[in-house]
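Input: a single structure, listed below in structure tokens.
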Amino acid sequence: MLVDYHMHLRRPGRDSDEVDHTVEAVERYMETARARGVDEIGITEHVYYFAETGFAWSLPYQLERCTQSLERYCDAVLEAKRRGLPVKLGLEVDWVPEHAEELATVLEPYPWDFLLGSVHWIDGLAVDQRPGLWEGNTVEEVWSLYTRELEAAARSGHFDVLAHPDLVKIFGDRVEWNWQPVIDALDGVALEVSTAGLRKPVRDLYPDAELLGGARRITLASDAHLADDVGRDLDRAVELARATGFETVTVFEGRRSRQEPLG
Ligand SMILES: [Zn+2]
Ligand SMILES: [Zn+2]
């Protein structure tokens with residue numbers, strides 16, 4: 001089985017950053033998924049796009065986007081389910097330690113199939129945008145700050161999957177790293193094998209085999225921000241997963257997981 005469990009619904013056009021939380025958008029994304037042999041997709045909008053989560057954000061980047069309705073988003077995906085599309089309702093939730101409990105409370109009433117946990121910002125500084133965390137910190141310091149938060153996110157118990165787990169390598173700045181503390185924190189949390197890094201300066205899959213090898217469960221992900229990227233390069237993700245010893249992929253429903261044969 002092939003899943004793509006990470007994507008953001010946007011209007012057509014490569015440079016479009018305009019959200020499209022409609023059943024028609026889900027259908028459009030599904031069309032590409034089918035064409036690439038993907039059996040099931042998961043829609044995972046960023047949590048900071050929703051007005052209901054506004055209390056958690058302080059950066060202009062987040063506040064500018066924090067206008068959508070969670071209700072409407074969920075309804076679009078649930079309507080797609082009712083129409084028989086193999087789609088799961090997810091969300092990409094930023095790890096914000098000081099608001100994690102409050103965010104979980106706001107999200108609790110919705111019928112999620114799975115929640116992704118992501119580390120994009122640390123103390124208001126971006127990992128995946130420059131200058132962000134990269135100004136005034138050595139590469140090793142950035143890696144250390146990032147992995148400490150990733151570990152805390154895994155331990156929090158709020159997430160089913162860690163998204164783009166070694167995002168910190170996005171610009172190609174690497175150091176030798178001991179991933180064991182993160183691996184020890186997983187305790188059943190799945191790691192996403194993401195092809196998004198292939199489209200970033202690092203030109204590599206997330207995560208590296210050293211980290212992936214410590215996981216017990218995996219999902220597959222494109223992190224598409226347009227329909228055309230759904231399912232892109234998943235064959236390479238499957239290849240890495242197989243080479244690392246995985247024979248199954250995790251499928252979620254109502255935040256419960258089961259294993260299906262990979263590929
Ligand atoms: Zn992300
Ligand atoms: Zn994403």
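We count residues from 1, following the sequence as given. All ligand and atom numbering here is 1-based and tracks the order in the structure. Note that the structure is predicted; figures quoted are calculated from it, not measured.
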Checking side-chain polar atoms at under 3.5 Å, does H120 have a donor or acceptor matched by the opposite partner on Q62? no
E45 and R10 ion-paired at < 4.0 Å: yes
Taking the basic N atoms (NZ, or NE/NH1/NH2) and the acidic carboxylate oxygens, is any pair closer than 4.0 Å for D208 and R174?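 Judged by the 4.0 Å cut-off on N to carboxylate O distance, D208 and R174 do form a salt bridge.
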Stepwise salt bridge (Lys or Arg N to Asp or Glu O under 4.0 Å) check, R83 with E79: CA-CA 6 Å; R83 294 185 186 182; E79 174 57 24; 2.9 Å; yes
Quick one: are D128 and H164 in side-chain contact, heavy atoms under 4.5 Å?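 Answer no - side chains too far apart.
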If we only look closer than 2.8 Å, how many protein N, O or S atoms does the Zn ion (ligand 2) have near it? 4
Mark yes or no: R217 above the aromatic ring of F252, with NZ or CZ under 6.0 Å from the six-membered ring centre and no more than 45 degrees from the axis.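 No cation-pi geometry.
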